[in-house]
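Structure first, then comments.
Naming convention: chains lettered A, B, ... in sequence-line order (proteins, then strands); numbering from 1 in each chain. The structure presented is a predicted model; accordingly, all values stated were derived computationally and were not measured.
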Amino acid sequence: MAQRFFLTSAIDYPNSRPHIGTAFEKIGADVQARYRRMEGYEVFFLMGNDENTVKVARRAQELGEDVLAYCNRMAGEFQEVWKALDISYDDFIQTSEVRHHDCCRAFIQKVYDAGHIYKAAYEGFYCEGCEAFKTEKELEDGKCPVHKVPAMRRQEDCYYFALSQFREKLLAYHEAHPEFIQPESRRNEVMQLIRGELLDVNITRSGQDWGIRVPWDERFTIYVWFDALLNYITAAGYGTDPERFARWWPADMHVIGKDITRFHCALWPAMCMAAGIEPPRRVFGHGFVYIKSGQETVKISKSLGTLVEPMDILSKFSAEAFRYYFLRECPFPGDGEFSWRRFAEVYNSDLANNLGNLYSRVTGLVGRNFGSVLEGTAGLKPTLPVGEQSVQEVVSRYRQQVESLHYSQALTTLWQGVLVPANQHAEKTAPWSLVKTDKPAAALVLHDLVEAVRVAAVLLKPFLPKLAATLYSSFNFAKPFAEVSTQDALESPTPQDDLRVTAETVAGKVVPLFPRIELDSVQGA
RNA sequence: CGCGGCGUGGAGCAGUGGUAGCUCGCCAGGCUCAUAACCUGGAGGUCGUAGGUUCAAAUCCUGCCGCCGCAACCA
């Protein structure tokens with residue numbers, strides 16, 4: 001029976017289109033999903049949009065659109081981007097969907113019935129214009145920044161979730177599951193938060209039309225954070241499909257931004273405990289992408305004009321180039337930077353010069369000297385040219401790094417362990433000369449070089465799915481690419497037939513996988 | 001003293017006690033199969049700083065300096 005792996009990314013606010021920072025998270029989660037599938041897990045990869053917020057309703061109003069119609073339109077736009085990036089999600093949830101409303105109401109009722117929700121007065125600064133409470137931080141000179149009117153002191157009833165009661169349980173849970181929060185550097189932060197003051201949270205809002213109604217008191221809607229986290233169990237079938245829920249819950253990994261780790265590490269597990277379900281198994285808080293312009297590193301921001309949309313890059317290059325840049329250049333657990341200049345540099349050196357060129361020279365040599373067929377290789381097991389590390393070491397490091405979401409390092413391992421040694425091997429054995437003096441020997445060398453391409457294709461499968469497929473299907477390897485797993489990088493197959501280049505060639509040459517980028521042609525470099 | 005993280009050659013990173021490593025960039029040479037790609041060699045670092053522990057510290061401890069996060073609708 002296949003092991004299951006339930007993976008989620010954070011759901012996004014659809015009040016603007018996705019930018020490269022949001023895309024960064026989805027790509028990272030996607031690599032994990034693809035890797036697990038390749039390793040034989042039955043994967044459920046969930047993504048979605050977080051729609052039950054005042055901001056979304058307001059944005060729709062500004063545009064004169066019906067809120068629900070607006071949400072659906074945005075969900076379409078988001079998914080268009082995710083598809084263009086080859087994000088292999090299995091389900092896309094919108095929190096305005098009926099299934100989510102049903103789940104939320106069932107869940108909050110359960111928690112209420114269990115006695116973890118109580119009614120009390122909330123007092124704070126209230127802006128009449130926004131019809132919402134403002135934190136002191138949000139106010140400017142005691143005035144609402146949007147409406148420029150003084151916020152009034154106001155008190156009203158609301159419902160609180162008794163988060164503070166879960167302090168001991170949360171501590172015990174984190175003690176028992178030190179691997180719960182990843183990367184580990186965030187653990188202290190979370191522990192500190194729980195050890196310190198853990199306040200009960202106001203989980204309802206009043207006077208709002210958009211949102212999910214509190215089932216026992218319809219005057220209230222559920223506060224967006226309480227509702228948002230529940231998307232994970234909605235999709236797993238909570239409240240609608242108990243069998244399905246039993247199959248998939250608890251989630252194996254929530255991939256989220258580092259800014260919301262506390263919600264996922266304190267509030268969320270406590271909510272689960274309150275409702276009598278298991279908390280998720282792991283939370284991974286990834287780093288942020290910043291924009292580098294000149295010497296300055298700035299936040300991605302619409303108002304600063306530093307917002308780069310995925311489509312800007314995709315339309316100029318490819319999903320593969322996009323994925324590679326962020327996975328290689330920005331360490332997933334930590335922060336990274338984007339600049340067009342850096343993008344072009346990484347693209348040229350790693351993709352065009354190293355990987356792409358290796359592929360070109362190997363297929364070219366086989367194409368022009370051997371008519372695309374390496375006679376005499378049938379029944380012959382190739383030997384992967386390696387450097388200082390053995391294949392076993394390379395693959396084991398790769399596994400470890402991918403499983404801990406250290407993608408940048410995993411790609412370094414692949415390049416240093418397979419691609420660089422292959423180019424070195426080519427140089428050392430010089431098949432282009434050897435072919436003139438000892439053709440069968442040259443064939444063997446090329447057989448080994450093709451093996452490096454095969455192994456690279458296998459290990460790239462979760463990272464650059466389309467490219468990996470192109471590489472792999474350029475040769476007559478027996479095993480279908482869809483069935484290939486990491487194990488296939490470890491064991492060189494013995495071909496039944498002579499090795500053959502099946503990629504389309506013109507005059508013995510293949511089309512470059514990654515045409516070099518001229519630096520001058522790159523904007524904002 | 002609110003808490004936490006970070007500070008390694010021009011840039012980006014790896015490296016948790018024992019000759020400081022990788023990629024990019026730069027310089028020189030080689031090769032010419034290949035997308036002017038590839039390969040070899042070189043220059044460039046007192047590992048933020050001041051102390052301490054140790055036979056031995058980028059790596060452990062302490063002070064200081066600098067940068068960055070952190071309770072709500074912000075990926």
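At a cut-off of 3.5 Å, with distance as the only test, a side-chain donor of His100(A) or Asp227(A) sits close to an acceptor on the other residue. There is a side-chain donor-acceptor pair under 3.5 Å between Tyr407(A) and Gln32(A).
Residue-to-nucleotide contacts include no donor-acceptor pair under 3.5 Å from the side chain of Asn353(A) to the base of A37(B).
Straight-line distance between the P atoms of G9(B) and A14(B): roughly 13 Å, to the nearest whole Å. Comparing the same atom, P, in G45(B) and in C60(B) gives a spacing of 25 Å after rounding to whole Å.
Across all strands shown, Arg328(A) has no heavy atoms under 4.0 Å from either base or sugar-phosphate atoms. In this structure, Tyr359(A) reaches neither bases nor backbone, as no heavy-atom distance under 4.0 Å exists between it and the strands shown. Residue contacts shown for Leu513(A) include a base, since a base heavy atom lies under 4.0 Å away. At the heavy-atom level, Lys509(A) lies under 4.0 Å from the strands shown only through sugar-phosphate atoms. If you check every strand for non-hydrogen atoms under 4.0 Å, Phe24(A) touches nothing. Heavy atoms of Val201(A) sit under 4.0 angstrom from at least one base atom. Across all strands, Ala352(A) comes closer than 4.0 Å to base atoms (heavy-atom distances). Residue contacts for Arg342(A): at a heavy-atom cut-off of 4.0 Å it reaches the sugar-phosphate backbone alone, with no base atom in range. Backbone-only engagement by Thr22(A) is indicated by non-hydrogen atom pairs under 4.0 Å involving sugar-phosphate atoms exclusively. No contact: Gly364(A) has no heavy atom under 4.0 Å from any strand. Residue Val362(A) is out of contact with every strand shown, counting any heavy-atom pair closer than 4.0 Å. In this structure, Gly257(A) reaches the sugar-phosphate backbone alone: every heavy-atom distance under 4.0 Å involves primed, P, OP1 or OP2 atoms, never a base. Using a 4.0 Å heavy-atom criterion, one finds that Thr53(A) contacts the bases of the nucleic acid, with or without backbone contacts as well.
Judged by a 6.0 Å distance limit and a 45° cone about the ring axis, Lys26(A) is not positioned over the six-membered ring of Tyr89(A).
Among C74(B), U23(B), C39(B), the nucleotide with an atom closest to any side-chain atom of Gln416(A) is U23(B).
Remark: C6(B) base-pairs with G66(B). Criterion, Watson-Crick or G-U wobble with two distances under 3.5 Å. Of all nucleotides present, none satisfies the Watson-Crick or G-U wobble test against U32(B) with each distance under 3.5 Å.
Evaluated for a ring-ring contact (aromatic ring centres under 6.0 Å, His included) with His116(A), the options Tyr159(A), Tyr160(A), Phe166(A), Phe107(A) yield exactly one hit, Phe166(A). Here the options are Phe161(A), Phe263(A), Tyr13(A), the test is ring-ring contact (aromatic ring centres under 6.0 Å, His included), and the partner is Trp225(A); only Phe263(A) passes.
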